[in-house]
Amino acid sequence: MIFSLTEEQMAVQEAARDFALNELLPGVIERDEKQSFPTEQIRKMGELGFMGMMVDPKYNGGGMDTISYVLAMEEIAKIDASTAVIMSVNNSLVCWAIDKYGTEKQKNKYLTRLATGEIIGSFCLSEPEAGSDATSQKTTAKDEGDYYLINGTKNWITNGGTSSVSIVIAQTDIAKGHKGINAIIVEKESEGFSVGPKENKLGIRSSDTHSLMFTDVKAPKENRIGEDGFGFKLAMEILNGGRIGIASQALGIASGSMELSIKYAKERKTFGEPISNHQAIQFKLSKMATEIEAARLLCLQAAYKKDKGENFIKEAAMAKLFASEVAMHASVEAVQIHGGYGYVKEFHVERLMRDAKITQIYEGTSEIQNIVIARQLLK
Ligand code: CAA
C-alpha cells in the first residue's frame, strides 16, 4: 500500500490550489449572494484542463487519473464549492459517460468541446416524482425511427441554464421497466426544449440549478449513448463515479472549514490569550482533522479502485456518505469557533456551512448511499 502522491498528482493539486486562491477566492462572497455563475472562472478552468480531467487526450482531455481529480476537487471546493459542483458534473457525469460509452461521432462533436470547457454539460435524471426512486422515470423518449421524441420534466438540474448539451435519461419502453430506459444527448437549441426559472438555493448558490422541460423534442437516434435500454444502468454507473466527485467536494468544504478555523483560532484572543490555547477549541480542531483525514482516505481509496478498473461502487458510496457528514460537522464547528464572526458572510464559514448540506442530498442522499453500501455487502 503506497500513501504518497506522484509528482504529477502533486502538480495538479498545486495548480488547483493556486487557481482557487487567485481566481476563485476574489468575488466568491458576491457570487454566492447574487447567485451569479462563474462564467469567466469556468472558461479559465477549461483552459487549465480542469473541465475534462480524465478524458482521453485524443478528445482534448487531460488524461489524468481519478486520484488527481479528487485532489483538484478538494482544492477547488475549499474555496468555492459552487464552482466545484459545476466542475464535478461536467467531469464525472457528462464527460465520463461520453468518453466511456459514446460513439466516435459523439466524442468528436461533443466531448472535444466539453473537455475544454468551451461548452458545459448537464445530467438529467431527477424528476418531480423520481429523485431517490430513480427507476420511476416519467419522461418518455418515444422511438420514432430516426429519432426519439422526448416529453417530460427534469428537476434540480445542475448547470441547467448554462449547459449546451444534456444527457437526458428517459423511458422508451415502459413494459421493460428500467431495461426500457435510454440515455440521450440533447442539445439546448432543440425545438421544444425550455429552461425553468433558476432555483433560489440555501447553498452552492452560484451554481446554476433549473428544471428543464421537454415538449416533443426530437433527438436523433445517433445521440443515444450505448445500446437500446442501457440508459438506467449507465445512469447508475455515471453516479458511481459522480459520488467520488461529490465526496471530494464535501472533503474540500470540510478541510476549508478547518483551515479557516485554525487561522482564526490563532488570531482571536479571549481571556488574554489566543482561543487556540483553550482545550475546548483544540478538541474541536482535533476531531475535525481526524474526520477529514478519514474522509480523504475514503475518497482516495474509491479513486484508486476506479483507476485500477476494480469494483468501487461500495467505496464511492462510503466516501460520499462519510465525507458529506464530515462536511456538515466541520462547517458547523467552524461557525461555532468563529462565534459571532462566523455568522456573517465576510468570514466564509457560514457559506461553507450552507454549501455542506447539499452534499448529503444530491447524487444520492445519505439514505441511498446506505442502501447502495448494504446491497454491495449482502449480494
Ligand atoms: N452501479 C451499477 N449498476 C447498478 C447500481 C450501481 N450503483 N445500482 C443499481 N444498478 C443496476 C442493478 O444491477 C440493476 O440492473 P440489473 O437489473 O441488470 O441487475 C438496475 O441497475 C436496477 O437496480 P435496482 O434493482 O437495484 O433498482 P432499485 O430501483 O431497487 O434502486 C437505487 C436503485 C440504487 C436506489 C437507484 O435508484 C439510485 O441510485 N437512486 C438514487 C438516484 C440518484 O443518485 N440521483 C441523483 C441525481 S443526479 C444529481 O444529483 C446530479 C447533480 O445535479 C449534482
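Order of listing sets the numbers, starting from 1, for every ligand and every atom in it.
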Rounded distance [0.5 Å steps], CD1 in Ile79 versus CD in Glu23
12.5 Å
Does the pair Arg354/Asp32 count as a salt bridge with the N-to-O cut at 4.0 Å?
yes
Note: Arg243-Glu315 ion pair, threshold 4.0 Å (strictly below)
no
Salt-bridged, Glu293 to Arg296, with N to O below 4.0 Å?
yes
Considering the heavy atoms of Asn240, write down every atom of ligand 1 situated less than 4.0 Å from one of them.
1 (N), 2 (C), 6 (C), 7 (N)
Charged N to carboxylate O below 4.0 Å: is that the case for Glu40 and Arg43?
yes
For atom 30 (O) of ligand 1, which of the options Glu363, Arg375, Glu367, Lys379 provides the nearest non-hydrogen atom?
Arg375
Ion pair check, Lys34 and Glu30, cut-off under 4.0 Å:
yes
Does Lys320 come within less than 4.0 Å of Glu363, counting only side-chain N to carboxylate O?
no
Taking distance alone, with N or O pairs closer than 3.5 Å, would you say Gly364 contacts ligand 1?
yes
Whether Gln369 side chain and Gly364 backbone form a donor-acceptor pair below 3.5 Å:
yes
Does the side chain of Thr139 come under 3.5 Å of the side chain of Glu127 through a donor N or O and an acceptor N or O?
yes
Give the atom numbers and elements of ligand 1 that come within less than 4.0 Å of a heavy atom of Tyr362.
50 (O), 54 (C)
Pick one of side chain, backbone, both or neither for how Thr158 approaches ligand 1, counting any non-hydrogen atom pair under 4.0 Å.
both
Ile368 to ligand 1, any heavy atom closer than 4.0 Å
yes
Within-cutoff protein neighbour (heavy atom, under 4.0 Å) for atom 32 (C) of ligand 1:
no
Around atom 42 (C) of ligand 1, find the nearest protein heavy atom and jot down its residue, atom name and distance.
Gly131 O, 3.7 Å
Atoms in ligand 1 with a heavy atom of Ile313 nearer than 4.0 Å
1 (N), 7 (N)
Ion pair present between Lys107 and Asp56, side-chain N to carboxylate O less than 4.0 angstrom?
no
Distance below 4.0 Å between atom 1 (N) of ligand 1 and any protein heavy atom?
yes
Are any of the N or O atoms of Ser126 closer than 3.5 Å to those of ligand 1?
no
Counting each atom of ligand 1 from 1 as listed, which ones have a heavy atom of Thr135 under 4.0 Å away?
29 (O)
Check: Arg243 N/O within less than 3.5 Å of ligand 1 N/O
yes
When distances are taken from atom 19 (O) of ligand 1, the protein heavy atom at minimum range is Lys233 NZ, 4.4 Å
Lys78/Glu75 salt bridge by N-O under 4.0 Å criterion
yes
Atom 40 (N) of ligand 1: nearest protein contact (heavy atom, Å):
Ser132 O, 2.8 Å
For atom 48 (S) of ligand 1, which candidate among Phe232, Phe312, Phe123 provides the closest heavy atom?
Phe123
Within the structure, does Lys179 bring an N/O atom to less than 3.5 angstrom of an N/O atom in ligand 1?
yes
Before accepting this row, confirm whether a basic side-chain N of the pair Asp143/Lys221 lies closer than 4.0 Å to the acidic partner's carboxylate O.
yes
What protein heavy atom sits nearest atom 17 (O) of ligand 1, and how far away is it?
His178 NE2, 2.8 Å
Of all the atoms in ligand 1, which lie at a distance below 4.0 Å from a heavy atom belonging to Leu93?
51 (C)
